[in-house]
Amino acid sequence: MGTGSKRYSNESVDTILLGSETIRRRVCELGVQISNDYRGKNPHLIGILKGASIFHADLVRAISLESSFDFIAVGSYGDLTKSSGEVRILKDLDDSLEGKEVLLVEDIIDTGLTLHYLLRNLQSRNPKSLKIVALLNKPSRREIEVPVEYVGFDIPDEFVVGYGLDYAQRYRNLPDICLLPNCSTKWG
Ligand code: IMP
Ligand code: MG
C-alpha cells in the first residue's frame, strides 16, 4: 500500500507519510553507510526511549559490524505538546562511554532542544566520538542547531506517529509512519 492511502480502521490516523517498505529500505541504506563509515570500529548505539526503540532495533541489525548498545530515557519538563528544552534523564545509560564510538539513535528531531541537551551531557562522559543518527528530521521547526550525521528522511512540519513515534503513548506499533490530523497544531 503506497504513500497517501488510508489503511487503519482507527479514524484519527489518517494518511501514510512513509510506508513500512520505504522505511525498511532507508534503514538498510543507513546501515550500509554506517558500516562503511565505522569500518574497523565497534559502534556503541544508544537508543533514546521510547520513540527510537523500533528504529534502533532495525538499524542495529542493518549494521554489519560488531556493535554494542544501550538505552537512555529522557523527559521534557514541558507539557504534552511542547518541548521546553529542559530535559531530565528518566533512565540513565547502564555503561560508561569512556573511549567508545557512540552513535545516538533518535526517532525525530523537531526543535533540536532534546538532542542539544543530550549531546552536551554525553560529551562530558568522554566518548571517543559522538554522532547522531535520526530517522526523521523536521528542519523547519529547528530552534537550536544540532549536528546530525545521518538522517533517514526530512519531513514537513506535520505531526507523525507510528514506527515507535507516539501521540500520548498511542500508535507506536503502527508499521508505517502516519500523519495525525490537527496534531501539529496540538504540538504547538
Ligand atoms: P525536540 O526536543 O523538539 O527536538 O523534540 C524531539 C522529541 O519530540 C522527539 O524525540 C519526539 O519524542 C517528540 N516529537 C517531535 N515531533 C514529533 C512528531 O511529529 N511525532 C511524535 N513525536 C514527536
Ligand atoms: Mg523521542
Side-chain angles (χ1 to χ4, degrees), residues 3-4 7-8 10 12-20 22-23 26-27 30 45-59 69-93 102-123 130-188:
T3 303
R7 170 164 156 185
Y8 300 103
N10 189 320
S12 53
V13 177
D14 192 37
T15 309
I16 296 176
L17 180 67
L18 298 164
S20 57
T22 304
I23 299 168
R26 185 71 187 118
V27 172
L30 288 171
L45 291 117
I46 298 177
I48 305 175
L49 298 173
K50 303 169 193 164
S53 59
I54 292 177
F55 176 44
H56 183 277
D58 285 343
L59 183 67
F69 39 94
D70 205 344
F71 296 94
I72 192 166
V74 294
S76 163
Y77 283 107
D79 58 28
L80 222 194
T81 59
K82 198 172 184 336
S83 174
S84 68
E86 272 185 79
V87 180
R88 67 197 152 128
I89 293 178
L90 303 174
K91 181 232 169 282
D92 206 345
L93 299 172
V102 175
L103 251 180
L104 195 52
V105 182
E106 175 62 309
D107 52 1
I108 185 166
I109 312 178
D110 189 41
T111 62
L113 295 168
T114 306
L115 278 175
H116 176 77
Y117 167 86
L118 266 183
L119 269 187
R120 280 192 6 229
N121 182 296
L122 300 184
Q123 197 71 64
L130 176 56
K131 289 183 176 155
I132 295 172
V133 48
L135 179 66
L136 304 175
N137 180 33
K138 285 185 197 169
S140 62
R141 295 263 308 165
R142 198 71 87 258
E143 288 179 21
I144 191 157
E145 234 13 84
V146 178
V148 189
E149 197 73 14
Y150 307 97
V151 170
F153 303 93
D154 280 338
I155 63 166
D157 179 13
E158 302 275 4
F159 197 87
V160 292
V161 294
Y163 197 73
L165 291 123
D166 74 307
Y167 176 68
Q169 303 301 327
R170 297 174 67 195
Y171 312 117
R172 289 193 197 275
N173 64 325
L174 298 179
D176 307 304
I177 291 174
C178 302
L179 302 181
L180 203 56
N182 305 320
C183 272
S184 60
T185 49
K186 278 187 199 135
W187 192 253

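Atoms within a ligand are numbered from 1 in the order they appear, just like the ligands themselves. Treat the numbers as computed from the prediction; the structure is a model and nothing was measured.
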**OP:** Report, in ascending order of atom number, the atoms of ligand 1 lying under 4.0 Å from any heavy atom of Thr114.
**Re:** 1 (P), 2 (O), 5 (O), 6 (C)

Original post:
Can you tell me if Gly112 has a non-hydrogen atom under 4.0 Å from ligand 1?
Top reply: yes

Subject >> Atom indices of ligand 1, in the order listed, that fall short of 4.0 Å to a heavy atom of Asp166 >> reply: 21 (C)

**OP:** Give the atoms of ligand 1, by number and element, whose distance to some non-hydrogen atom of Glu106 is under 4.0 Å.
**Re:** 10 (O)

**OP:** Test Leu135 against every option in Val27, Asp107, Leu18 by the side chain to side chain contact (heavy atoms under 4.5 Å, CB included) rule and name the one that passes.
**Re:** Val27

Original post:
Can you tell if the side chain of Val105 reaches within under 4.5 Å of the side chain of Leu59, non-hydrogen atoms only?
Top reply: yes

**OP:** Can you sort out the partners of Glu145 under side-chain hydrogen bond (donor to acceptor under 3.5 Å, both in side chains), two or more places apart, ordered by chain and number?
**Re:** none

Subject >> From the candidates Tyr167, Phe159, Tyr171, the one that places a heavy atom nearest atom 18 (C) of ligand 1 >> reply: Phe159

Original post:
Under 4.0 Å from any heavy atom of Glu158, which atoms of ligand 1 are there?
Top reply: 19 (O)

Subject >> Non-hydrogen atoms of Thr114 and Val87 that approach each other most closely >> reply: CA-CG2, 3.9 Å

**OP:** Look at the aromatic rings of Phe71 and His56 and report parallel, tilted or perpendicular, splitting at 30° and 60°.
**Re:** tilted

Subject >> salt bridge (Lys or Arg N to Asp or Glu O under 4.0 Å) partners for Asp154, two or more places apart >> reply: none

**OP:** Could you establish whether Arg141 and ligand 1 come within less than 4.0 Å of each other, counting only heavy atoms on the residue side?
**Re:** no

Subject >> Contact check, Val161 vs ligand 1, heavy-atom distance below 4.0 Å >> reply: no

Original post:
ligand 1 and Leu165, any nitrogen or oxygen pair closer than 3.5 angstrom?
Top reply: no

Original post:
If you measure from each non-hydrogen atom of Lys138 to ligand 1, which part falls under 4.0 Å: side chain, backbone, both or neither?
Top reply: side chain

Original post:
Pick from Leu103, Val151, Leu104: which one makes a side chain to side chain contact (heavy atoms under 4.5 Å, CB included) with Val133?
Top reply: Leu103

